Amino acid sequence: MAAPGLIGRDSELGVLTRLIDRVTESGTATVVLGDPGIGKTSLLRAAADHGRAAGHQVLATTGIEAEAHLPFAGLHHLLRPVLSKVNRLPATQRQALSTAFGISEGLPPEPFMIALATLNLLAEVAADRPVVMVVDDVQWLDPPSQDVLTFLARRVSGDPIVLIGVVRKGHDITFAAAGLPELDLLGLDEASARAVLGRHAVDLSYADTERILREAAGNPLALVELPLAIRAVGGAGDDNPPLRGQRRARRDPGRRAVPPDLAPRPVGQRPGRRGGRRA
């Protein structure tokens with residue numbers, strides 16, 4: 001399945017869309033792994049769009065380093081569109097979420113109760129229509145939100161819920177080590193890399209084009225940004241110094257910018273298999 005603007009990822013997108021298409025049969029969770037700039041966010045956005053087109057409830061959030069010290073900040077952003085349904089939960093679980101999010105006062109709830117309340121809230125939402133959760137940069141979520149995601153990932157199989165979490169390679173976090181199915185996002189093949197470069201560097205010489213392809217090694221972000229770098233140093237093919245250092249600086253600046261919004265867009269509802277509440 002092809003998505004507008006997404007080149008060379010038909011196979012990987014097909015893996016995610018099949019999970020979404022089968023959500024009424026069984027819930028599931030998966031981890032998308034990849035290096036910086038490899039196209040994880042674009043793939044996640046395409047999967048979210050597929051879920052919306054199918055009429056599912058899409059919930060999305062992105063880990064931000066600046067909020068990593070705020071307990072449950074990521075979970076609150078993820079659940080915010082469906083918090084109006086929290087009144088369907090038992091009083092103890094409802095109170096746990098309300099306290100965790102600072103909506104009501106009380107003693108800090110047990111982490112298990114917060115995770116259980118989240119699972120049951122999602123099951124209630126999925127009883128109306130299937131739920132697709134897409135979480136980018138899980139490694140930069142606050143730790144309590146990461147723990148809840150891991151709890152959910154191991155328990156959504158009984159409800160029409162799909163959880164797709166993106167993790168940057170090299171980060172040893174519990175969610176990535178939870179034994180979930182993994183989709184390893186590698187560099188683009190040569191034909192796809194040339195197609196991406198052709199969109200952004202039609203004016204480059206043959207020598208510079210070949211140089212960028214070598215330097216980028218199939219990394220989509222590098223294929224977009226290296227033409228800017230090579231123009232900045234004046235072109236002239238292989239006589240120029242390597243661009244790898246500039247590419248790394250662009251790809252991994254320490255604090256990445258927030259990717260384009262993955263927030264749900266209104267769609268018509270489609271009934272799905274009813275979920276069940278857990279004790």
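Please read these numbers as outputs of a predicted model, since none were measured by experiment.
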Check: Is a side-chain donor or acceptor of Q146 paired with a backbone partner of V138 at a separation under 3.5 angstrom?
Finding: yes
Notebook entry, point to check: How long is the gap from OG on S145 to CD1 on I114, to the nearest 0.5 Å?
Noted result: 9.5 Å
Note to self: Suppose the criterion is ring-ring contact (aromatic ring centres under 6.0 Å, His included): which pairs have a residue in residues 147-169, not counting sequence neighbours?
What the structure shows: F112-F151
Margin query: With a 4.5 Å cut-off on side-chain heavy atoms, are V134 and R45 touching?
Written below: no
Note to self: Treating T99 as the side-chain partner and A96 as the backbone partner, does any N or O pair qualify as donor plus acceptor under 3.5 Å?
What the structure shows: no
Notebook entry, point to check: How would you list, by chain and number, every residue that makes a salt bridge (charged side-chain N to carboxylate O under 4.0 Å, His left out) with D203, sequence neighbours excluded?
Noted result: R231
Margin query: Salt bridge check, D21 against R18: does any charged N sit closer than 4.0 Å to a carboxylate O?
Written below: no
Check: Counting N and O atoms only, with roles assigned by atom type, does the side chain of R129 sit under 3.5 Å from a partner on the main chain of G55, one being a donor and the other an acceptor?
Finding: yes
Margin query: Run the side chain to side chain donor-acceptor pair (under 3.5 Å) test against S104 and tell me which residues pass, sequence neighbours left out.
Written below: Q95
Next item on the list: Take R88 and E124 through the test side-chain contact (heavy atoms from CB on, under 4.5 Å) and record every step on the way to the result.
Entry: CA-CA 7 Å; R88 298 184 184 182; E124 291 291 344; 3.7 Å; yes
Notebook entry, point to check: Does the side chain of L121 come within less than 4.5 Å of K85's, by heavy atoms?
Noted result: yes
Next item on the list: For the residue pair V131 and P160, establish whether any side-chain heavy-atom pair is separated by less than 4.5 Å.
Entry: no
Note to self: List the residues meeting side chain to side chain donor-acceptor pair (under 3.5 Å) with S192, not counting sequence neighbours, and say none if there are none.
What the structure shows: D189
Which donor-acceptor pairs under 3.5 Å do the side chains of residues 175-185 make with protein atoms, sequence neighbours left out?
unit_1	atom_1	unit_2	atom_2	d
D184	OD1	K169	NZ	2.8
D184	OD2	K169	NZ	3.4

Check: L75 and T61: side-chain contact (heavy atoms from CB on, under 4.5 Å), yes or no, with the steps?
Finding: CA-CA 8 Å; L75 184 65; T61 193; over 6 Å; no
Check: Can you name the residues that form a side chain to side chain donor-acceptor pair (under 3.5 Å) with N87, not counting sequence neighbours?
Finding: none
Check: Which of these, L226, L213, V224, sits in a side-chain contact (heavy atoms from CB on, under 4.5 Å) with L197?
Finding: L213
Notebook entry, point to check: Is the closest side-chain donor-acceptor distance between T62 and D137 under 3.5 Å?
Noted result: no
Margin query: Counting C-beta onward and ignoring hydrogens, is there a side-chain heavy-atom pair between R168 and D35 closer than 4.5 Å?
Written below: no
Item checked: By salt bridge (charged side-chain N to carboxylate O under 4.0 Å, His left out) - contacts of E12 (at least two apart) -> R9
Margin query: When you compare the side chain of P81 with that of L59, does any pair of heavy atoms fall below 4.5 Å?
Written below: yes
Checklist line | Validation row: V135, L141 side chains within 4.5 angstrom (heavy atoms) | finding: yes
Note to self: According to side chain to side chain contact (heavy atoms under 4.5 Å, CB included), who are the partners of I103, at least two apart in sequence or on a separate chain?
What the structure shows: S98, F101
Note to self: Going by side chain to side chain contact (heavy atoms under 4.5 Å, CB included), name the residues that satisfy it together with A73, two or more places apart in sequence or in a different chain.
What the structure shows: E67, L70, D142
Next item on the list: Using a 4.5 Å cut-off on heavy atoms from C-beta on, say whether the side chain of L44 contacts that of I164.
Entry: yes
Next item on the list: Applying side-chain contact (heavy atoms from CB on, under 4.5 Å), run through L122 and L79 and close with a yes or a no.
Entry: CA-CA 9 Å; L122 292 170; L79 298 181; 4.0 Å; yes
Checklist line | Trace of the side-chain contact (heavy atoms from CB on, under 4.5 Å) decision for V23 with L19 | finding: CA-CA 6 Å; V23 66; L19 296 179; over 6 Å; no
Margin query: Test of understanding: with side chain to side chain donor-acceptor pair (under 3.5 Å), list the residues that count as partners of E210, not counting sequence neighbours.
Written below: R194
